[in-house]
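Note: hydrogens, waters and symmetry copies are ignored here, and every other heavy atom, side chains too, is used.
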2 protein chains.
Amino acid sequence: MNEGDTFRPDQDRPGVEAAPDTDGAVSLHELENSLGFLLRISQVRAYERFYAAFDEIGLRPGEFSVMWVILRNPGVRQGLLAETLGIKPAQMTKMIRRLEVQDRIRRVIPDDDRRSVRLYLTEGGEAFVRDHRDAFFGHDDYHNHGLSDAECRQLAHLLRRYSGVGRKADD
Amino acid sequence: MNEGDTFRPDQDRPGVEAAPDTDGAVSLHELENSLGFLLRISQVRAYERFYAAFDEIGLRPGEFSVMWVILRNPGVRQGLLAETLGIKPAQMTKMIRRLEVQDRIRRVIPDDDRRSVRLYLTEGGEAFVRDHRDAFFGHDDYHNHGLSDAECRQLAHLLRRYSGVGRKADD
DNA sequence: TTTAAATTGTTTCCGAGTAAAGAATTTCGT
DNA sequence: ACGAAATTCTTTACTCGGAAACAATTTAAA
């Protein structure tokens, strides 16, 4: 019953081994100072909070950001948008298609460079952004972290520096 | 040539539309203060840095963390490990299998509860953690963010609070 | 001009992560 | 003690995101 099952390189026989660590609480030690680890855990939380707030209206994580940037930069080229938001071209193609089907954005092939795609919000898209802007940015908030306003600003500042977003040396 | 291609709801005809935003730089506006957005971008950077440093030895993002926690909590139950690290059970099963095939961890089915799996590092696993510990935690670093030590600690502190990791009210 | 190279976006295919169902074992209720 | 419910892990089937190959167009070179 041990060898021939699906694929299981020996082991997992019942064992009297080094006494198991008392259960109940697992200690992370240095991991609690690892930025990579903390960033991952934090992003998982952020996603949970996002879905809790926006799943009901069928909004996906990247979509609002994309619409927001298009609103603020009408006619932006698709590739440049992708690069700015750290979204890969293949993925951006899918997102744009979905948003276009929902009639929230418009794709325009300009005559002066027919390889590229320029993006605009439709009226519906603009209305959508207007309607959910406060919810997304947290004036109204789905942000159930217990951080104060000052801490939020501080955290945002450090993340901008960590990631190099915005560039101009930040604050 | 417009309608019957693959699937393309009208649009994308060449257009003279609202003059496109001057290219060159895209402005993010409020997005630069969005923690959700900044966390995502930061984690993308963290992954890039991780792969740049550890891809050559075939180490995947979650694996070192898992080995580290097992080293510090020998005999930890697989499910508890998963919960602690925010990894879903199904995914944990795959990771554990891979690490077992690499002979870095040992799965032990305890006699007192034969549903569960307790995890230990092999000698090779312990050696591996010893060998890469400094590289991973950044005494030696692949961490090319420009943050000072104090800023790193501050960022870690805020991320712990944001994510609720560690629990005991942090500092 | 005419061909080669670069740019831009799309398609195809594959891996990582997950929800849901399943299998094995233990615990609880009666 | 017996069967139902809960626990723990695994399997299956699916979706999301990405690398690589591709197609269309523009720019550079010959």
Does B/R115 contact D/dT7 through a side-chain donor or acceptor facing the base, at a distance under 3.5 Å? yes
Can you name the side chain to side chain contact (heavy atoms under 4.5 Å, CB included) partners of B/T84, sequence neighbours left out? A/V26, A/L28, B/L80
Would you say that B/L119 contacts B/R107 through its side chain, given a criterion of any heavy-atom pair below 4.5 Å between the two side chains? yes
When rounded to whole Å, the CG to C1' distance for the pair A/L99 and C/dG9 reads 16 Å
Grab the CD1-C1' distance between B/I109 and D/dT8 for me, whole Å please. 10 Å
Looking only at C/dT10, D/dA19, C/dT18, the nucleotide nearest the A/A90 side chain is D/dA19
Is there a side-chain polar atom (N or O) of B/Q91 under 4.0 Å from OP1 or OP2 of D/dT10? no
For B/T93, answer base if it contacts any base atom (sugar-phosphate contacts may also be present), sugar-phosphate if it contacts only those atoms, and nothing otherwise; contact means non-hydrogen atoms under 4.0 Å. base
Between OH of B/Y51 and C1' of C/dA16 the distance, given in whole Å, is 9 Å
The side chain of B/R107 is closest to which nucleotide in this list: D/dT10, C/dG9, C/dT18? D/dT10
State whether the number of non-hydrogen atoms from other residues, nucleotides or ligands found under 6.0 Å of B/E83 atom CD is greater than 12. no
B/N33 and A/R153 side chains, donor-acceptor separation under 3.5 Å: no
Value in whole Å for how far the P atom of C/dA16 lies from CD1 of B/I87: 14 Å
Specify the separation, in whole Å, of atom NZ of B/K88 and atom C1' of D/dT10. 17 Å
Separation of A/E83 atom CD from C/dG9 atom C1', in whole Å? 14 Å
Using a distance-only criterion (donor-acceptor N/O pair, under 3.5 Å, no hydrogens), is the base of D/dG18 paired with the side chain of A/K94? yes
If you round to the nearest 0.5 Å, how far is CZ of A/R133 from CE of A/M67? 14.0 Å
Using a cut-off of strictly less than 4.0 Å, decide whether A/R97 has a side-chain nitrogen or oxygen near OP1 or OP2 of C/dT11. yes
Closest of D/dC9, D/dA19, D/dT26 to the A/R114 side chain is D/dT26
Taking atom C1' of C/dA19 as reference, at what distance in whole Å does atom CG of A/D55 sit? 13 Å
For the pair made of CG in A/D112 and P in C/dT7, what is the distance, rounded to whole Å? 17 Å
Tell me which of B/R60 and A/D113 sits closer to the 5' end of DNA chain C, going by the nucleotide each one is nearest to. A/D113
Where the side chain of B/V117 is concerned, which of D/dT25, D/dG18, D/dC9 is the nearest nucleotide? D/dC9
